[in-house]
S.K.: 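Have a look at this one before I ask anything.
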Amino acid sequence: MKAYVVNQWLKGPNDLVLSSNVPVPEPKQGELQVQVKAIGLNFFDTLMIQGRYQIKPPFPFVPGGEFAGIVTKSTVPQFKAGDRVFGSGFSFAEVITVEANKVLPIPKNFTFEDAAGLYITWPTSYAALVLRAQLKAGEYCLVHAAAGGVGIAAVQIAKALGAKVIATAGSADKLEVAKKYGADYAINYRDKDWTNQVKKITNGHGADVVYDPVGLVEESTKCIAWNGRILVVGFAKGTIEKLPTNRVLLKNISIVGIHWGAYAKNEVESIPKVWNDLFALFESGGLKPALYHKIYNLSTLPEGLNAINNRETYAKVVATVGGHDSKI
């Protein structure tokens with residue numbers, strides 16, 4: 001089969017080589033064998049092949065984090081051959097094996113491309129806004145990098161919860177994407193006065209919840225409301241901030257982390273609730289994944305990773321594997 005195999009740490013996606021003679025893996029007990037139909041691409045995929053991610057698999061390994069496909073072999077009763085599934089696993093290959101507890105059935109009416117980017121992005125945003133920030137209807141929710149993978153999901157979820165959504169992004173095109181998917185207001189965070197723009201939109205109230213996958217916590221403390229909650233989702237800027245804790249005290253605010261991947265170890269009981277709520281919204285039509293307009297394939301997958309790293313993309317970037325009718 002075809003797969004990307006990493007034998008040593010790489011400089012970046014351009015060093016990925018697609019091999020055509022990789023043995024097809026067989027599932028162990030508790031695992032599924034899945035024919036991959038679509039792959040969700042993420043910024044951390046590049047960190048993984050560089051050895052800069054918190055997960056460092058032993059060599060050789062197939063990289064990747066998200067997929068959708070068809071079960072070809074099952075060792076567990078809850079899945080059978082032919083089931084359409086999505087999940088988290090080392091996915092840059094035509095066929096993979098994956099632990100069954102990291103797989104879910106594809107929601108009704110979703111294509112493989114729709115489903116390929118669900119497993120990490122959507123529960124991260126939902127758990128952040130609902131479990132951690134307890135966002136309420138009518139509150140102002142400020143979403144940074146609102147056209148990105150987790151950001152666009154946060155925009156849609158916040159709207160579904162009845163919040164007033166203020167989106168930030170670094171270009172006019174990306175702001176239009178955020179508005180297309182539900183943002184009520186849009187601000188370019190490259191504007192020097194963006195925090196004042198937030199205050200103006202909210203009539204001086206400030207944002208009740210800030211969703212930050214970038215590293216804009218310090219600046220966001222300037223436009224947060226009394227009792228506001230700032231969600232630390234990621235550090236796309238590449239730096240770890242030092243915070244003015246006097247503002248945390250004076251504004252009575254909370255700085256709240258979200259590490260969805262650690263819920264499986266520390267708070268497993270919350271995982272089914274998050275997925276049940278998301279599936280209800282997916283299948284009612286309340287939420288629909290936003291995809292980047294260019295769909296890559298297995299051969300051009302490194303181009304997709306470069307596009308993400310160069311901030312050329314919006315929403316979820318996906319690569320298809322093999323020929324298929326995505327609506328099957």
S.K.: For atom NZ of Lys179, decide whether the heavy atoms of other residues, nucleotides or ligands shown that lie under 6.0 angstrom number more than 12.
M.R.: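 Counting neighbours around NZ of Lys179, 12 or fewer heavy atoms of other residues, nucleotides or ligands fall under 6.0 Å, so no.
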S.K.: For the residue pair Leu278 and Pro123, establish whether any side-chain heavy-atom pair is separated by less than 4.5 Å.
M.R.: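 Contact flag for Leu278/Pro123 side chains = yes.
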S.K.: Tell me whether Val232 is reachable from Leu249 by hopping between hydrophobic residues (I, L, V, M, F, W, Y) whose side-chain heavy atoms are closer than 4.5 Å.
M.R.: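 Looking at the clustering, Val232 is in a separate group from Leu249.
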S.K.: Please check if Val217 and Val214 belong to a single hydrophobic cluster, counting links between Ile, Leu, Val, Met, Phe, Trp and Tyr side chain heavy atoms closer than 4.5 Å.
M.R.: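 Per the 4.5 Å side-chain linkage, Val217 and Val214 are co-clustered.
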S.K.: For Gln35, run the side-chain contact (heavy atoms from CB on, under 4.5 Å) check against Val71, Thr72, Val321 and tell me which one passes.
M.R.: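 Single side-chain contact (heavy atoms from CB on, under 4.5 Å) partner of Gln35 among Val71, Thr72, Val321: Thr72.
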S.K.: Has Lys200 got more than 12 heavy atoms of other residues, nucleotides or ligands less than 6.0 Å from its NZ?
M.R.: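 Incorrect, the count does not exceed 12.
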S.K.: Taking the six-membered ring of Tyr181 (Phe, Tyr or Trp), confirm whether the NZ or CZ of Lys159 is under 6.0 Å from its centre and within 45° of its axis.
M.R.: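 Judged by the rule (NZ or CZ under 6.0 Å from the ring centre, within 45° of its axis), Lys159 is not positioned above Tyr181.
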S.K.: Would Asp208 and Arg229 count as a side chain to side chain contact (heavy atoms under 4.5 Å, CB included) if you check the C-alpha gap in whole Å, the side-chain angles of each, and the deciding distance to 0.1 Å?
M.R.: CA-CA 6 Å; Asp208 297 289; Arg229 293 84 76 198; 4.2 Å; yes
S.K.: State plainly whether one hydrophobic cluster holds both Ile166 and Val233, where clusters connect Ile, Leu, Val, Met, Phe, Trp and Tyr through side-chain heavy atoms under 4.5 angstrom apart.
M.R.: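 No: no chain of side-chain contacts under 4.5 Å links Ile166 to Val233.
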S.K.: Evaluate Lys316 against Ile152 for side chain to side chain contact (heavy atoms under 4.5 Å, CB included), listing each step before the verdict.
M.R.: CA-CA 8 Å; Lys316 191 66 188 184; Ile152 204 77; over 6 Å; no
S.K.: Do other residues, nucleotides or ligands put more than 12 heavy atoms under 6.0 Å from Lys180 NZ?
M.R.: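 Counting neighbours around NZ of Lys180, 12 or fewer heavy atoms of other residues, nucleotides or ligands fall under 6.0 Å, so no.
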S.K.: Please check this pair: side chain of Arg247 against backbone of Glu218, looking for a donor-acceptor N/O pair closer than 3.5 Å.
M.R.: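 Yes: the side chain of Arg247 pairs with the backbone of Glu218.
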S.K.: Where do Thr124 and His259 land on the side chain to side chain donor-acceptor pair (under 3.5 Å) test, with the steps shown first?
M.R.: CA-CA 7 Å; Thr124 295; His259 185 182; over 6 Å; no
S.K.: Find out whether Phe90 and Val98 are in side-chain contact, i.e. whether some heavy atom of one side chain is under 4.5 Å from a heavy atom of the other.
M.R.: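 Heavy-atom side-chain distance check fails, nothing below 4.5 Å.
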S.K.: Check the pair Leu301 / Ile39 against side chain to side chain contact (heavy atoms under 4.5 Å, CB included), numbers first and verdict last.
M.R.: CA-CA 9 Å; Leu301 184 152; Ile39 299 167; 3.9 Å; yes
S.K.: Evaluate whether atom CG of Asn109 has more than 12 neighbouring non-hydrogen atoms of other residues, nucleotides or ligands under 6.0 angstrom away.
M.R.: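 For Asn109, atom CG is not crowded (no more than 12 foreign heavy atoms under 6.0 Å).
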S.K.: Does Trp275 have its ring centroid less than 6.0 Å away from the ring centroid of Phe86?
M.R.: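 Yes, close enough.
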S.K.: Show, in sequence, the C-alpha distance, side-chain angles and deciding distance for Tyr296 and Thr320, and conclude whether the side chain to side chain donor-acceptor pair (under 3.5 Å) test is met.
M.R.: CA-CA 6 Å; Tyr296 297 89; Thr320 59; over 6 Å; no
S.K.: So with a 6.0 Å cut-off around NZ of Lys80, is the heavy-atom count from everything else above 12?
M.R.: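 No, not enclosed.
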S.K.: Could you tell me if the side chain of Leu142 sits less than 4.5 Å from the side chain of Trp194, heavy atoms only?
M.R.: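 Of all side-chain heavy-atom pairs linking Leu142 with Trp194, at least one is under 4.5 Å.
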S.K.: Parallel, tilted or perpendicular, judged at 30° and 60°: which one describes the rings of Tyr185 and Tyr140?
M.R.: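 Judged by the thresholds at 30° and 60°, the geometry between Tyr185 and Tyr140 is tilted.
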S.K.: Ser270 and Glu267: side-chain donor and acceptor closer than 3.5 Å?
M.R.: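 Present: a donor and an acceptor within the cut-off.
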S.K.: Answer yes if Val150 and Leu281 sit in the same cluster of Ile, Leu, Val, Met, Phe, Trp and Tyr residues linked by side chain heavy atoms under 4.5 Å apart, and no otherwise.
M.R.: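 They do share one cluster, since a chain of ILVMFWY contacts under 4.5 Å joins Val150 to Leu281.
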S.K.: Flag the pair Phe282 / Trp122 as yes when their ring centroid distance falls below 6.0 Å, and as no otherwise.
M.R.: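 Distance test on ring centres: under 6.0 Å, yes.
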S.K.: Measure the acute angle between the ring planes of Phe59 and Phe61, then classify it against the limits of 30° and 60° as parallel, tilted or perpendicular.
M.R.: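 Plane angle under 30°, so parallel.
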S.K.: Show the numbers, then the answer: is there a salt bridge (Lys or Arg N to Asp or Glu O under 4.0 Å) between Glu31 and Lys28?
M.R.: CA-CA 5 Å; Glu31 292 184 338; Lys28 300 173 184 151; 5.1 Å; no
S.K.: Within the 4.5 Å heavy-atom criterion, are Val76 and Leu32 side-chain neighbours or not?
M.R.: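 Yes, at least one pair of side-chain atoms sits under 4.5 Å.
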S.K.: Can you tell whether the side chains of Glu219 and Lys222 come within less than 4.0 Å, N to carboxylate O?
M.R.: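 No, Glu219 and Lys222 are not salt-bridged.
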S.K.: Working note: Glu269 + Ile271, criterion side chain to side chain contact (heavy atoms under 4.5 Å, CB included); need CA distance, chi angles, decisive distance, verdict.
M.R.: CA-CA 6 Å; Glu269 66 276 8; Ile271 296 175; over 6 Å; no
S.K.: What is the minimum heavy-atom distance between Thr46 and Pro13, and which atoms define it?
M.R.: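 Scanning both residues completely, I find the closest heavy atoms to be OG1-CG, 3.6 Å.
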S.K.: Do the non-hydrogen side-chain atoms of Lys2 and Ser19 ever get within less than 4.5 Å of each other?
M.R.: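 A side-chain contact under 4.5 Å is absent here.
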S.K.: Any side-chain heavy atom of Val85 within less than 4.5 Å of one from Leu104?
M.R.: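 No, every pair of side-chain atoms sits at 4.5 Å or beyond.
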S.K.: Taking the side chain as everything from C-beta on, heavy atoms only, tell me whether Asn306 gets closer than 4.5 Å to Asn14.
M.R.: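 Sidechains of Asn14 and Asn306: in contact.
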S.K.: Considering only heavy atoms from C-beta outward, does the side chain of Leu129 approach that of Tyr211 to under 4.5 Å?
M.R.: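 Touching, per the 4.5 Å side-chain cut-off.
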S.K.: When clusters are formed by joining ILVMFWY residues with side-chain heavy atoms under 4.5 Å apart, either directly or through shared neighbours, do Val130 and Ile255 land in the same one?
M.R.: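 No, it is not one cluster - the side chains of Val130 and Ile255 are not joined through contacts under 4.5 Å.
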